[in-house]
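These values consider heavy atoms only, across backbone and side chains, with no hydrogens, waters or symmetry-generated copies.
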Amino acid sequence: MNILLWVLQILLALHTTMGAVWKFSNSERTVPSLTAIPHGVWLAMSVFELLCSLALILPALNKPLAILAPIAAACIAAEMLLFCGVHIYSGYAEYGPMIYWLVVAAICAFIAYGRFVLKPF
């Protein structure tokens, strides 16, 4: 279980880092349903995602920071659910992005649950 959680954490960290870099280089206007998010908040989310990515990997380097990984996973899940809420609120008819965000949120929830309950560090 520990190996599975580590693989998922590393993949989530890579995914989140790529998402943060994408947010720096693309406007929130790229996804029509997310236009309600102000540009400053959009950029702040990029920084937040980079910090969460780092927090997912830090336990490998320093055991006392192990509590950061499930917290970071829960924060990323909350961000994905925020995107879903904004998408639903916008009334945009296409649900492809929302399904993607829900899958990422489910993986994050599994990591958080796994690190808090199943296999703590």
Asks: Go through the structure and list residues passing side-chain contact (heavy atoms from CB on, under 4.5 Å) with Leu54, not counting sequence neighbours.
Replies: Leu58

Asks: Keeping the roles fixed (side chain from Trp42, backbone from Asn26), state whether a donor-acceptor pair exists under 3.5 Å.
Replies: yes

Asks: Membership question, hydrophobic clusters at under 4.5 Å side-chain separation (ILVMFWY): are Val41 and Val31 in the same one?
Replies: yes

Asks: Identify each donor-acceptor pair in which a side-chain atom of residues 64-93 lies under 3.5 Å from a protein atom, sequence neighbours left out, and give them as a table.
Replies:
residue: His87; atom: ND1; partner: Ser33; partner atom: OG; Å: 2.6
residue: His87; atom: NE2; partner: Glu94; partner atom: O; Å: 2.5
residue: Ser90; atom: OG; partner: His87; partner atom: O; Å: 2.7
residue: Ser90; atom: OG; partner: Tyr92; partner atom: N; Å: 3.3

Asks: Please answer: with hydrophobic residues joined when any side-chain heavy atoms are less than 4.5 Å apart, are Trp101 and Met45 in the same cluster?
Replies: yes

Asks: Do Leu8 and Phe116 share a hydrophobic cluster (ILVMFWY, side-chain heavy atoms under 4.5 Å, transitive)?
Replies: yes

Asks: Would you please name every residue forming a ring-ring contact (aromatic ring centres under 6.0 Å, His included) with Phe24, sequence neighbours left out?
Replies: none

Asks: Run the side-chain contact (heavy atoms from CB on, under 4.5 Å) test against Leu5 and tell me which residues pass, sequence neighbours left out.
Replies: Met1, Gln9, Phe110, Arg115, Lys119

Asks: Under the side chain to side chain contact (heavy atoms under 4.5 Å, CB included) rule, what do Leu50 and Ser46 come out as? Steps first, then yes or no, please.
Replies: CA-CA 6 Å; Leu50 288 173; Ser46 301; 5.6 Å; no

Asks: When rounded to the nearest 0.5 angstrom, what distance separates CG in Leu118 from CD1 in Ile111?
Replies: 12.0 Å

Asks: Roughly how far apart are Tyr95 OH and Leu102 CG, rounded to 0.5 Å?
Replies: 11.5 Å

Asks: Tell me if the CD1 atom of Ile3 is crowded by more than 12 foreign heavy atoms within 6.0 Å.
Replies: no

Asks: May I have all residue pairs that pass salt bridge (charged side-chain N to carboxylate O under 4.0 Å, His left out) and include part of residues 11-23, sequence neighbours excluded?
Replies: Lys23-Glu49

Asks: Suppose we screen for side-chain contact (heavy atoms from CB on, under 4.5 Å). Which residues come up paired with Val117, at least two apart in sequence or across chains?
Replies: Tyr113

Asks: For residues 105-114, pull every pair meeting salt bridge (charged side-chain N to carboxylate O under 4.0 Å, His left out), keeping only residues two or more places apart or in separate chains.
Replies: none

Asks: Going by atom type alone, with no hydrogens or angles, which donor-acceptor pairs under 3.5 Å involve a side-chain atom of residues 12-21 and a protein atom two or more places apart or on another chain?
Replies:
residue: His15; atom: NE2; partner: Tyr100; partner atom: OH; Å: 2.3
residue: Thr16; atom: OG1; partner: Leu12; partner atom: O; Å: 2.7
residue: Thr17; atom: OG1; partner: Ala13; partner atom: O; Å: 2.8
residue: Thr17; atom: OG1; partner: Ser53; partner atom: OG; Å: 3.1

